[in-house]
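The structure displayed is predicted, hence computed values, not measured ones. Values reported hereafter were calculated over all heavy atoms of this structure, with side chains retained and with hydrogens, waters and symmetry mates removed.
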Amino acid sequence: MNKKELSERDICSKYINPALVKAGWSMKRQVREEVSFTDGRIIVQGKLYTRGKSKRADYILYYKSNLPIAIIEAKDNRKPVGSGMQQALEYSEILQIPFVFTSNGDSFVFHDRTTTEGVLEQELSLDEFPSPEQLWDKYLRYTEIETPEAKEIIETDYFVDDSGMSPRYYQQNAVNRTIEAVAKGQDRIILVMATGTGKTYTAFNIIWRLWKTGVKKRILFLADRNALLTQTKNGDFSPFGNDIMTIIKNRKIDKSYQIYFALYQGLTSNDEEKNAYKEFSPDFFDLVVIDECHRGSAAEASAWRDVLTYFKSATHVGLTATPKETKDVSNMEYFGEPAYTYSLKQGIEDGFLAPYKVVRITTSVDDGWRPTAGLLDKYGNEVKDRIYNLKDYDKTLAIDERTEIVAKKITEYLKATDRFAKTIVFCTDIDHANRMRQALINENADLVAKNWNYCVKITGDDEVGKQELDNFTDVEERFPVIATTSKMLTTGIDTKMVKFIVLESNIQSVTEFKQIIGRGTRIREAEGKVFFTIMDFRKATNIFARPDFDGDPVQIYEPKPKEPVVPPDEFDTAQTGSEDPEIPDNFKPTKPNIDIDGAENEIKKYYVNQIPVSIIHERVQYYGKDGKLITESLKDYSKKNIEKEFASLDDFLQKWNASEKKEELIRELAEYGVLLEALREEVGKDLDDFDLICHIAFDQPPLTRQERANNVRKRNYFGKYSETAQKVLNSLLDKYEQEGIVSIERGSILKVKPLNQMGSPVELVRAFGKPKDFEQALKDLENEIYNVGA
């Protein structure tokens, strides 16, 4: 067969694979073909969802397992040898792979990303493909890994999981960059990875490899929540075995272990003599890993920093989703620039993190409320005369009616979607969380009567609530469904099934908001959790517009007073950011304080009721792919996106007709923000996708699917086929009328009713002649539906 007639796969098997084997590459151990390294962005339309295309490399070459070193983009022989280089370079940038090749079976084009001068790109014959050792030596020189000891560190194997689990590409990048930094003697390293991307699993792989080499023999893993320590030790770190691991409890130190887990507060004390960490010698630990290092360890004057300073001779690796940079607190000053960053935005784009939609609700008192002269609160305290607004509510002034209307809206949303969707309501403090719990219980009395823990307060002061935390985070447990909290659930807790996050706290910093949003970003596709919803009562989502926010929602829905709280069936994405001065979980603001002289202090919080509160008129807003706020209608926004893809109506018609599978074209449009199911709700439910696009973007008069199907029937088009073939085509036309063009293009169409009742797929195809005749008949039917050429 002529080489020009070979498929891309044939080129791979006949020319590229033999060239790799000849160069010394093991096809079993070092070469992976057709590697999908992302899952494909989740695209939600109403209650349905699909995934965008995953990124796939034709070849990834590994020096050793999980040490990728080269990427090859293959093309058929009809294309030039360098075709596909730009795509390969894009993938190599994402995967952090230094050597890039393309081939069409004639030769290779080699792009060397480690070269800063001289020949950057050159053509090589099939016999000149470099060996693994050649490329690895070149990479070691580039990364300045010069000593045998450093080389041994970075070549140490990953842990081999019997379950077949292996690191995702970004986890692999994070581990490899950290190991390289350690090998080169760097002793302060930070990794920035979005919540839900597996920081702990990444940390395990880093520690495993360093521990296996013997470079780091004793390790301290620091966190700030007991639940995190147990979760980490018994979960990702379990391959180490309990014989060498221990959790430091009650400040009791046993120096016979190799891996220690501890809370900062479990090692430190206000009494200097009781600082447990000082029972270790300063050089006891070789490696200290600091989880959620944006918290106390970022502050120079904190007790947490004292622990790190004491063990300063160890290598310190910080993990965070949200590095903190303020005039008083700096992660970067301590750790330096991140060794690797994987953002919320990238995680959503790759399909590893859940996208989200935002519902914004504004009440009539949010922009300001002023008490009448001499107004007394519920406890007889005269309310100070000034204008109160969102910054004050539930911090210095609590309005019962506002709390009640928030609880009503939360419940309204759950009733319209799923009353058992795990929900977190973030409140300003513990007192507010308690009042919000009470209001939600009253709104959901029917379910609370059957299950007392349908809604619970989970805060630092409440032992019962803290005991319910494990049930709340357990994927298998139905109750609790709603958790009200202040700060306790903002960080570190793995809430895999949270589908609904309510913002009733004044959030001002990107750091805290990213942590809060991170409670919903886990995907549980098998359990139906593929996106989540944020309901914002505090205008916290204004943070979307800030330059340091890195993952935007596609849509924000702000219902008018009489509109449903559930958005129209539309898709949305993600967002981040905020932080009030931290209010400790044991803060109990209520009644007036009396000082030691008996004088009454200023009231910390007023409690008022009988204040009219209502939902006021708002608008719908959208965020485009570029993160810019879009204020026009969904229809106008979609029109602009369609026009970006198709220069004219003729251009669209040409691409529509040329597309073998309309579903692929529709999915492509969805990736650019054209959400046909959502548009159909706005324009007309029975419009064909084709008509919807032509109507929205090119002002064409639309036909319904029924009208298009009837037009085909009137033309007596089926007369040229046999009786059985006519029945098949009529059934396909009926299916189109009911469900649209995508339904009849699927290969399984002949296996569903009523077609499967007419005969087997083979028998039905035979009614047209050969399989290619059936395919042509299907294509002709599509042409008739859209009246091509008429």
Side-chain angles (χ1 to χ4, degrees), residues 8 11-12 16-17 19-20 23 25 30-41 52-75 79-104 107-124 128-145 154 158 166-181 193 197 338-343 345-347 349-352:
E8 184 179 297
I11 292 294
C12 292
I16 298 177
N17 290 359
L20 294 176
W25 293 88
Q30 294 179 300
V31 178
R32 288 180 63 198
E33 296 184 61
E34 297 187 304
V35 184
S36 292
F37 56 90
T38 72
D39 281 357
R41 184 167 65 96
K53 289 182 181 178
S54 62
K55 290 183 171 67
R56 189 180 71 174
D58 290 332
Y59 289 84
I60 297 181
L61 310 186
Y62 298 80
Y63 181 69
K64 295 184 72 174
S65 177
N66 291 304
L67 296 179
I69 192 170
I71 188 170
I72 305 174
E73 179 66 22
K75 295 297 180 185
K79 297 182 178 66
V81 63
S83 180
M85 179 57 78
Q86 291 189 161
Q87 179 180 307
L89 285 170
E90 178 195 346
Y91 287 176
S92 72
E93 181 75 22
I94 295 169
L95 297 170
Q96 297 197 344
I97 290 176
F99 306 117
V100 187
F101 298 84
T102 61
S103 179
N104 65 354
S107 59
F108 291 97
V109 171
F110 173 32
H111 184 105
D112 184 355
R113 296 183 62 209
T114 68
T115 297
T116 56
E117 55 186 36
V119 180
L120 184 65
E121 201 165 281
Q122 60 181 310
E123 188 169 349
L124 304 175
E128 292 179 307
F129 195 88
S131 69
E133 290 72 23
Q134 285 174 315
L135 291 184
W136 187 242
D137 289 343
K138 193 175 182 64
Y139 179 69
L140 293 177
R141 291 195 299 272
Y142 171 68
T143 52
E144 299 178 344
I145 303 293
I154 70 167
Y158 278 68
S166 60
R168 290 172 172 167
Y169 84 84
Y170 62 84
Q171 294 167 337
Q172 184 178 265
N173 286 348
V175 173
N176 291 342
R177 298 299 82 78
T178 303
I179 297 295
E180 287 170 5
M193 297 171 66
T197 56
Y340 184 69
T341 297
Y342 188 71
S343 69
K345 184 175 183 179
Q346 189 63 51
E349 187 64 31
D350 287 345
F352 295 130

Legend entry - side chain to side chain contact (heavy atoms under 4.5 Å, CB included) evaluation trace for Tyr340 with Thr178: CA-CA 8 Å; Tyr340 184 69; Thr178 303; over 6 Å; no

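- The shortest non-hydrogen separation linking Trp25 to Leu61 is CZ3-CB, 3.7 Å.
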Inset, instruction - List the steps, then state whether side chain to side chain donor-acceptor pair (under 3.5 Å) holds for Tyr342 with Asn173. - result: CA-CA 10 Å; Tyr342 188 71; Asn173 286 348; over 6 Å; no

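- Lys75 NZ to Asn104 CG: the interatomic distance, rounded to the nearest 0.5 Å, is 11.0 Å.
- Closest approach of Ser92 to Leu89, counting heavy atoms only: OG-O, 2.8 Å.
- Side-chain contact between Leu124 and Pro130 is present, with at least one heavy-atom pair separated by less than 4.5 Å.
- Between Asn176 and Pro68, the closest side-chain pair of non-hydrogen atoms falls below 4.5 Å.
- The CD1 atom of Ile71 lies 9.0 Å from the CD1 atom of Ile94; values are rounded to the nearest 0.5 Å.
- Looking at every heavy atom in both residues, Gly84 comes nearest to Glu73 through O-CG, 3.7 Å.
- Judged purely by atom type and a 3.5 angstrom limit, Thr102 has no side-chain atom pairing as donor or acceptor with the backbone of Met85.
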Inset, instruction - Would you please test Tyr158 and Asn66 for side chain to side chain donor-acceptor pair (under 3.5 Å) and show each step? - result: CA-CA 7 Å; Tyr158 278 68; Asn66 291 304; 5.5 Å; no

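- The shortest heavy-atom contact between Asp58 and Ala74 is OD2-N, 2.8 Å.
- Here the two rings, on Tyr139 and Tyr63, have centers that are 6.0 Å apart or farther.
- Listed by chain and number, the residues in a salt bridge (charged side-chain N to carboxylate O under 4.0 Å, His left out) with Arg56 are Glu34 (sequence neighbours excluded).
- Inter-residue side-chain proximity for Ser54 and Thr38 is flagged as met; some heavy-atom pair is nearer than 4.5 Å.
- Looking only at side-chain heavy atoms (C-beta outward), Gln346 and Tyr170 stay at 4.5 Å or farther from each other.
- No donor-acceptor pair under 3.5 Å is formed between the side chain of Trp136 and the backbone N or O of Ser131.
- Taking OH of Tyr91 as the start and NZ of Lys55 as the end, the distance is 6.5 Å to the nearest 0.5 Å.
- Within the structure, every pair that satisfies the salt bridge (charged side-chain N to carboxylate O under 4.0 Å, His left out) test and touches residues 111-122, not counting sequence neighbours, is listed here: Glu93-Arg113, Asp112-Lys138.
- Val31 is not listed as a side-chain neighbour of Asn17, based on a closest heavy-atom distance of 4.5 Å or more.
- Evaluation of the ring-ring contact (aromatic ring centres under 6.0 Å, His included) rule for Phe101 yields Phe110, Phe129 as partners, not counting sequence neighbours.
- Taking every heavy atom of both residues into account, Thr115 and Leu120 meet most closely at O-CD1, 3.5 Å.
- The line from CG of Leu67 to CD of Gln30 is 10.5 Å long, rounded to the nearest 0.5 Å.
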Inset, instruction - Test side chain to side chain donor-acceptor pair (under 3.5 Å) on Ser107 and Glu123 and set out the steps. - result: CA-CA 7 Å; Ser107 59; Glu123 188 169 349; 2.7 Å; yes

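- Here the side chains of Met193 and Gln171 are in contact, with some heavy-atom distance below 4.5 Å.
- Residues Ala70 and Leu135 share a closest heavy-atom pair of CB-CD1, 4.1 Å.
- Open room surrounds OH on Tyr142; 12 or fewer heavy atoms of other groups in view lie less than 6.0 Å from it.
- Here Ile16 contributes atom CD1 and Glu8 contributes atom CD; the two are 8.0 Å apart, rounded to the nearest 0.5 Å.
- One finds the OH atom of Tyr169 at 6.5 Å from the CZ atom of Phe352 (value rounded to the nearest 0.5 Å).
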